[in-house]
Amino acid sequence: MMTLTPEHSMHIQNTIGADIMMPLDDVVSSTTTGPRVEEAMERTIRWLDRCIAAHKRPHEQNLFGIVQGGLSLELRERCTKALVERDLPGYAIGGLSGGESKDQFWRVVKHCTSLLPPNKPRYLMGVGYPVDLVVCVCLGVDMFDCVFPTRTARFGTALVPEGSLHLKAAKFSEDYGPIDSECDCFTCQNYTRAMLHSIVIKEPIAGQLLTMHNISYLLRLMRTLHQKIVAGELPEFVREFMKRQFPQRDFPQWVIEALASVNITLEK
C-alpha cells in the first residue's frame with residue numbers, strides 16, 4: 001500500500017509533466033458541518049505549503065491552490081486569502097457538487113470568485129452540467145472539469161442545445177438525422193441517431209462515439225462563451241441559451257437569482 005503525501009503527489013505530477021498541478025488537499029463532503037470543515041481547510045493550506053516546497057519545476061508546471069471551507073463563507077474567505085498570499089499561477093474552488101443545494105452552490109462560487117485575483121485562472125472542480133457551466137462563467141469562473149459528459153455518454157445520452165437526447169428511446173429507431181445538426185464532431189458527421197440508438201448500451205463503441213460528441217459540445221459551448229465575453233455580448237447569449245434549455249421558460253429559481261446577481265435577467 002502506498003501512502004500519498006503532499007511531497008509524493010508533487011513527485012508524481014512533476015514526473016508525468018502535468019501542465020496544471022493540484023496540491024493534495026483534505027476534502028470533506030459539502031454538507032459536512034462543525035469543526036471537521038475548519039480542520040480540513042487548515043490542513044489543505046498546510047499541505048499546499050508542503051507541495052510548494054516539493055515542486056521541482058515551478059517555471060514549467062503550474063501549481064494551483066484549492067479553496068476549501070465547505071459552505072461556510074467565512075472559512076472560504078480565510079482559505080482564499082491564504083492562497084492568494086502565496087501568489088500561485090491559478091486557483092481552484094473545490095469541495096462543491098457534493099449534495100448541497102444549488103442555492104448554496106452558486107453563492108459559494110460567487111463569493112470565492114469575488115475574492116480571487118481577476119488576472120489569474122479560476123477553476124471550479126467537478127462541475128460539468130451545461131447550465132451550471134454557463135451560470136458559473138457568468139459568476140467569474142474560467143475552467144471546469146467533470147466526468148459528466150463521458151459518464152452520461154455511457155448511458156446513451158447526448159448533449160444538445162435543447163438539453164439532452166436519451167438515445168435509448170424507441171422514437172430514435174428511425175431518426176436518420178445527426179445528434180445535432182449544428183455540430184461538426186466526428187460522430188455527428190458520420191452517424192445517425194438511428195444507428196446510435198441500435199448500439200447504445202449494447203456496444204462499447206456507442207459510449208465512445210457519444211463521448212466524442214458530448215466533449216465536442218461542451219468545448220464549443222465554452223469557446224462560444226469566451227467569444228461572447230470578448231465581444232461584450234454575454235448577457236444576450238445567456239438568455240438565448242437558457243430559452244433553448246427551458247423552452248417553457250420554467251427557469252430554475254437558483255439560475256434566475258444567480259444570474260440576477262451579475263445583472264443578467266431572465267424573463268419568464
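For reference, positions follow the sequence shown, starting with 1.
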Assess whether atom [atom1] of [X] is packed by more than 12 heavy atoms of other residues, nucleotides or ligands within 6.0 Å.
{"X": "E85", "atom1": "CD", "result": "yes"}
{"X": "Y129", "atom1": "OH", "result": "no"}
{"X": "E60", "atom1": "CD", "result": "yes"}
{"X": "D19", "atom1": "CG", "result": "no"}

ask   = Is a salt bridge present between R46 and E39, judged by a nitrogen-to-oxygen distance below 4.0 Å?
value = no
query = When you check the gap from the basic side-chain N to the acidic O, do R107 and D103 get nearer than 4.0 Å?
reply = yes
ask   = Looking at OG1 of T192 and CG of L167, how far apart are the two atoms once the value is rounded to the nearest 0.5 Å?
value = 10.0 Å
Exercise: do [X] and [Y] side chains pair donor with acceptor under 3.5 Å:
{"X": "Q68", "Y": "D25", "result": "yes"}
{"X": "E257", "Y": "S261", "result": "no"}
{"X": "H197", "Y": "S173", "result": "no"}
{"X": "N14", "Y": "H55", "result": "yes"}

ask   = So, do L259 and R239 sit near enough that their side-chain heavy atoms are less than 4.5 Å apart?
value = no
When [X] is tested against each of [options] for side-chain contact (heavy atoms from CB on, under 4.5 Å), which residue passes?
{"X": "F64", "options": "M143, K120, R122", "value": "M143"}
{"X": "L210", "options": "T150, L165, I179, T157", "value": "I179"}
{"X": "L225", "options": "M222, Q227, K228", "value": "M222"}

message = So that I know where these two stand, are Y123 and F144 an aromatic pair - ring centroids less than 6.0 Å apart?
response = no
key: Non-hydrogen atoms of V67 and R76 that approach each other most closely   = O-NH1, 2.8 Å
All N/O donor-acceptor pairs, side-chain side in residues 130-138, below 3.5 Å, sequence neighbours left out:
unit_1	atom_1	unit_2	atom_2	d
D132	OD1	K102	NZ	3.2
D132	OD2	K102	NZ	2.5

task = Using side chain to side chain donor-acceptor pair (under 3.5 Å) as the criterion, list what pairs up with Q104, not counting sequence neighbours.
result = S101
inquiry  = Quick test of your reading: applying ring pair (Phe, Tyr, Trp, His ring centres under 6.0 Å), list the pairs with at least one residue in residues 91-112, sequence neighbours left out, ordered by first then second residue.
reply    = none
request  = Show your reasoning for whether salt bridge (charged side-chain N to carboxylate O under 4.0 Å, His left out) applies to R220 and D180.
outcome  = CA-CA 12 Å; R220 191 168 69 252; D180 180 1; 3.3 Å; yes
request  = Apply the test salt bridge (charged side-chain N to carboxylate O under 4.0 Å, His left out) to residues E38 and R78: give CA-CA distance (whole Å), side-chain angles for both, the deciding distance (0.1 Å), then the verdict.
outcome  = CA-CA 10 Å; E38 183 174 13; R78 279 172 50 191; 3.0 Å; yes
